Amino acid sequence: MGGLPDSDRRPEPAQRGRLPEVRGHRATPSRPGRAGRRSSSRGQMFAPVSSKPDFVAQEHALLALWRDRRTFAKLRAQNADGPRWSFLDGPITANNPMGVHHAWGRTYKDVFQRYHAMRGECQRWQNGFDCQGLWVEVNVERELGFTSKRDIEEHGVAEFVSLCKQRVLTFAARQTEQSIRLGYWMDWDDPDQLRRLRDLLAADPGATVTVDGPRGPVTDTVEMIVGRLGMPDVGGSYYTFSNENNDLIWAFLKECHRRGWLYKGHDTMPWCARCGTGISQHEMTEGYQDREDPGLTVRLPLVDRPGEALLVWTTTPWTLTSNVAAAVGAGLAYVKVRQGSDLLWIGKGALKQALVGPFEILEERVGAELEGWRYAGPFDELPAVRAAFAAGTPSGAPYAHRVVTWDEVGEEEGTGIVHIAPGCGAEDFALGKSLGLPMIAPLDESGIFIDGFDALSGRDVRDVTDHIVERLRHHGFFYRLEPYLHRYPHCWRCGTPLVFRLVDEWYISMGDVYDRPRAELTAAEVDASLRYQIMEVVDGIRWIPSFGYERELDWLLNMHDWMISKKRYWGLALPIYDCRACGAVEVIGGRDELKERAVEGWDVLEGHTPHRPYVDAVRIACPSCGAPVERIRDVGNPWLDAGIVPFSTLHYRTDPEEWANWFPADFITESFPGQFRNWFYSLLAMSTVLRREPPFRTIFGYATLFGEDGRPMHKSWGNAIEFDEAAERMGVDVMRWMYATARPDDNILFGWHAADEARRELLVLWNVYSFFVTYARLAGWSPERPAPPLAERRLLDRWILSRLAAVSARAGDLLGDFDLLAAAREISGFIDDLSTRYVRFSRRRFSRSDDEADRDAAFATLHAVLVGLSRVMAPVLPFLGEALYRNLVVAADPSAAESVHLTTWPAEELAGYRDTDVEETMDQVYRATELVRSLRSQSGIKLRQPLARVWVALPGTELRYREDALALYAEEVNVKHVEVLADGSELVDRRVKPLLPKIGKKLGGAIPAVMAAARAGEVEIHADGSVTLAGVTLAPDEVEILATPRPGTAVAHDEGLVVVLDTVVTPELRAEGDARELQRAVQDLRREMVLDLDERIGLVVEAGPAAGRIAGHLPSVAVETLADSFDVGALPSGSATGSATVQDGVLRFAIVRRVRPNA
RNA sequence: GGGGGAGUAGCUCAGCUGGUUAGAGCAGCCGUCUUAUACACGGCCGGUCGAUGGUUCGAGUCCAUCCUCCCCUACCA
């Protein structure tokens, strides 16, 4: 269990922790009793930290710790009186284990909630599960091996519905466990409890059971407890199958009905023959797939023009059975062509694609002239067709196939003449309705031809193409058949190609679409059209990214009426009572109302949740004719279930005051694809109907997760990664970091390589932490040791503390603005600065003992930085943050908050560290350091080799903290003296850099000349700092003065910063460099020997000229390598030896151990 | 067919309201530092910023057209 401190096993402090002290040193060092107890011997303060952490093991240990200590409960209690921040969770479908794509969204949800918790805000922390609908049904069917609705009916609807509930409980438990593993803090149910309820439900739903709720034990039947999950007395996640959820949807539907928006539509709809239900417009997009269909061209002989025929084209041959008309474009040109003995009518523009073989044009007419021509249909002798035609048109006259005109007809595909079957296509239906054509509906709900179609009757629509083609050939209707590839709608759930069926479905009217811009509409017009009311609600919401706003409006403007019915079993029971006797429609607004209105069957429903089949038993009296009326058998669209949650989960009905405290939600976040027409839409629609106000203030959307290869994750493609596997192999902090550093509005490519990159970044941080603890233990340093006040610390210390303050302020603002990516980038940049600049620059300060005050300052600084960082990163990286915090703070200070997640956001506390002058100074020093490194690299002089002198020219601005900065610089670049070059130096020139953004507009066309002068150095610098270039005078704040090297000097420069390095290595410098070389070689050998970091040694250096030259430096080598003694002479036999490359060859040495290994 | 987004190094992506010399990480090559020792750092390599025009003193950035990919949307049989 990597890195988890021993102190975890100490008993928990009784009082609630105060915040850890991170400022400088403590005013009162410590209470004597405690200090005596633990830090008298070194190494007791911080638990050792491996530089090779096992993140996964650590995460498991921390999960156990949080569970045992009830840390989350403490957080909730701590914030109970804070200002409210309302997050509303979009329900996850409890139908399968959760995937890594869910983990992406859940990372956002967790990060923002944790951040607001650190702001002391009170939250609800309620997760949601989506429970009802075809998703679950299909999986239960699959498990049972069912292939049709008949199987369900035979199995028994009650049992089937129970199995659906059980499946939901199974996967709610599973997803709960997975979410907890992710570190997602919510008010989770106990997964074992969920499974227990599932088993009890299977055994006996009517048995009485008692469960623990937040307000005490709750006793009810198993079925009713399941129906009450998520409600205040039972607690935990909300479930959309809950009684309250269903009840409130009933109230919503009743309100729609009251306003006259609910209606029954008779229309030709996309239909899934396998699922036996219609598919609404909202569900269509997901199902479009490329598909090859038969492209069939058919001859239709004209009755009154012997020998002539129309050519029509279809990709759905089965619909020819129900053909009633052929449509032409009134204004399009049509031609009669001769092909062999055939005389065919066809659209002029369709000649090329529709005809095969040579032809001759005989005649041309516009479409309007063809109107009314009668033709013989291909299936005229079928009883169903004869019956429909005999019944005729609304006027009563018998009907015959004829040509009609339609303005939708085009010539780009097909023949320019469109086969019309109003019972088999939505547009055909609309046309047929407007012209009063007969309707022939050939299919039953399973896609089987009904009676009246002779040989076809009883056959599956998916399997009749060959038969139909054969028949057409036989009767002379066939012209041509060739495969046709197109996008065709499929069932989004089971993948079956859809057919169109004439059915009754229930809709909520979205109201008129006006042909004027919204701004010009009157209030009355808006009041009359729900879609515009929803748009007004959308206006009041902040959409991130902003294009979401336009997309939602676009959908609202174009959407059709909302089809809410489904001819299925598991779901919301639509509370619609459609009187067969008189046609009156009644909608019931809740369970209580139903009980009141019931005239029979209430006893059947009593004790059950409002689901099929029990709810079907209840009848009410028709308010209009008094006849007993049954509920329609349909269930509801599942987005009704999810859309009502701002009301059902916030207790709109039972506790309006509490509801008002949490409504509207401050924040929701979900993956964008699909939700504009689904959850976002249903939330908006339902809130608009019930309240006419936004259900949430801000919505943050993100894109889609793909495999590493950029394709959707797919098991058979080998690019799929299961959540559990990812969690246990890469660790969830690594996963969360990947998500945090991904652009939300772009698709994310998820894979093991990306995880390695993310881990590497976190390892850098971990290594800083490991470094700190390693040396703090060696030095016996503890946070209680007095440290110099900030003003007396080194520049480097003040710099990193200032950076920390800046980062916590910025990251906080960014998280508050829902910009996790930018916040993560702040943290990432800080980790880089901390590791590559701060620790790298100050490494020696932690190990040496000659300046204790400075050493303590370094420890105190790095400690404060790591503690501060642990808090800043806690929302994003809850495990790493906690690991650092517990070892760095809790282990040392039992009075501190026991978890980083119980601390507050540190920005305000740290603000005093901010010093932008220090930051600017350090940036210059750092850049100048890089230049020296570059020069050393070019001239082949190792950084280890001291040099005598470096000259530095700085940009025109003044270097602040000059002495400190230069001292630091000298040390860092390993030179004896640093000289700052003045303006008059012969090594550099002063150049002027005009600041284009400031002067661009003003100067316009004069710019090329000014820039050329600046480049050439033709500049006049005036006493007040202004300059004249090419006759143009610029103010001091319009230019920057830079240094540039004069030609011919060996220098490095960058944006006005110039360094000149004296590369002469004198014998003295060389000796010193060789000593450093020796020192490094000794350290190398120590490492090879695996000596303890603080193990003392004896050092023997082989006698010779080299040893002689460096003799003067040997004492310091000894100090640095922890040698108690050093000798120059023959190397003792049997000891470990090494060698260092020095000026004139190789210098050998030996290390003599003071203690025996394993002693 | 309409609407939106995107096209920047071999790969993944930065690049703010236009500012002159386009950056990072990874990969590759070469080095460096080091009691953070299976860590880290630097350098090199690599881009006609999808194409073509235009606006402008100046365009990866703004405009137009076209090409490619993705998403949304659509009644094309």
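These figures come from a predicted structure and were not determined experimentally.
Between B:rC72 and B:rG10, the two P atoms lie 31 Å apart (nearest whole Å). The same atom, P, is picked in B:rG7 and in B:rC45; the two are 26 Å apart, to the nearest Å. Nucleotides B:rC75 and B:rG1 have their C1' atoms positioned 11 Å apart, rounded to a whole Å. Distance noted for atom P between B:rC41 and B:rA27: 12 Å (whole Å). One P atom belongs to B:rG46, the other to B:rC39, and the distance between them is 29 Å to the nearest Å. Taking atom P in both B:rA64 and B:rG2, the straight-line distance is 16 Å, to the nearest Å. B:rU12 and B:rC30 are spaced 26 Å apart, taking the P atom of each and rounding to whole Å. When the C1' atom is used for both B:rG58 and B:rA22, the distance is 15 Å, rounded to whole Å.
Put simply, the side chain of A:M1089 reaches to within 4.5 Å of the side chain of A:I1151, judged on heavy atoms. Annotation: side chain of A:I748 is in contact with side chain of A:W104 (closest heavy-atom distance under 4.5 Å). Looking only at side-chain heavy atoms (C-beta outward), A:L320 and A:H419 come within less than 4.5 Å of each other.
Taking only side-chain atoms of A:T314, from C-beta outward, the nucleotide of B:rC39, B:rC72, B:rA77 with the closest atom is B:rA77. Candidate nucleotides B:rA36, B:rA77, B:rC57 were compared by shortest atom distance to the side chain of A:F771, and B:rA36 ranks first. Listed nucleotides B:rA74, B:rC75, B:rU34 differ in distance to A:W555; the shortest reach to its side chain belongs to B:rA74. Closest to the side chain of A:T836, out of B:rU34, B:rU12, B:rA40, is B:rA40. The side chain of A:E757 lies closest to B:rC26, out of B:rA77, B:rG19, B:rC26.
Residue A:K942 is the one, among A:K942 and A:E411, whose nearest nucleotide of RNA chain B lies closer to the 5' end (criterion: closest heavy atom). Of the residues near RNA chain B, A:W313 and A:Q1083, the one whose nearest nucleotide (by heavy atom distance) lies more toward the 5' end is A:Q1083.
Among the protein residues, A:V312 comes within range of no part of the nucleic acid, since none of its heavy atoms lies under 4.0 Å from any strand. When heavy atoms are screened at a 4.0 angstrom cut-off, A:V839 is found touching base atoms of the nucleic acid.
Taking only side-chain nitrogens and oxygens, A:R944 comes nearer than 4.0 Å to OP1 or OP2 of B:rC33. Distances shown here put a side-chain N or O of A:Y775 below 4.0 Å from the OP1 or OP2 atom of B:rA36. Note on A:R760: every side-chain N or O is 4.0 Å or more away from OP1 and OP2 of B:rA38.
The backbone N or O of A:Y479 sits nowhere less than 3.5 Å from a side-chain atom of A:R299 that would complete a donor-acceptor pair.
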- ring-ring contact (aromatic ring centres under 6.0 Å, His included) between A:W555 and A:F680, worked out: CA-CA 11 Å; A:W555 162 250; A:F680 304 159; over 10 Å; no
- For the pair A:F772 and A:F46, evaluate ring-ring contact (aromatic ring centres under 6.0 Å, His included) and give the outcome as yes or no after the intermediate values. CA-CA 10 Å; A:F772 169 81; A:F46 305 112; 5.5 Å; yes
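Computed from coordinates, the A:D833 CG to B:rC41 P distance equals 12 Å when rounded to whole Å. Rounded to a whole Å, the CZ atom of A:R837 is 19 Å from the C1' atom of B:rU34. In this structure, NE2 of A:H753 is placed 14 Å from P of B:rC26, rounded to the nearest angstrom. Whole-Å rounding puts the A:N747 CG to B:rU12 C1' distance at 13 Å. We find that CD of A:E761 is positioned 16 Å from P of B:rA24, with the value rounded to whole Å. Straight-line distance from the CZ atom of A:R677 to the C1' atom of B:rC72: 8 Å, rounded to whole Å. For the pair A:N767 CG and B:rU34 P, the interatomic distance rounds to 18 Å; values are reported in whole Å. The interatomic distance linking A:L762 (CG) with B:rA36 (C1') rounds to 16 Å, in whole Å.
Looking at A:T316, its side chain has no donor and acceptor atom pair within 3.5 Å of the base of B:rA77.
Judged by the 6.0 Å and 45° rule, A:R855 forms no cation-pi pair with A:F846.
Inspection of the A:W543 and A:E552 side chains reveals no N or O donor paired with an N or O acceptor under 3.5 Å. In this structure, a donor-acceptor pair under 3.5 Å is present between the side chains of A:T316 and A:T319.
Where RNA chain B pairs in unbroken runs of 3 or more (Watson-Crick or G-U, both distances under 3.5 Å), the stems are B:1-7 with B:67-73, B:10-13 with B:23-26, B:28-32 with B:40-44, B:50-54 with B:62-66.
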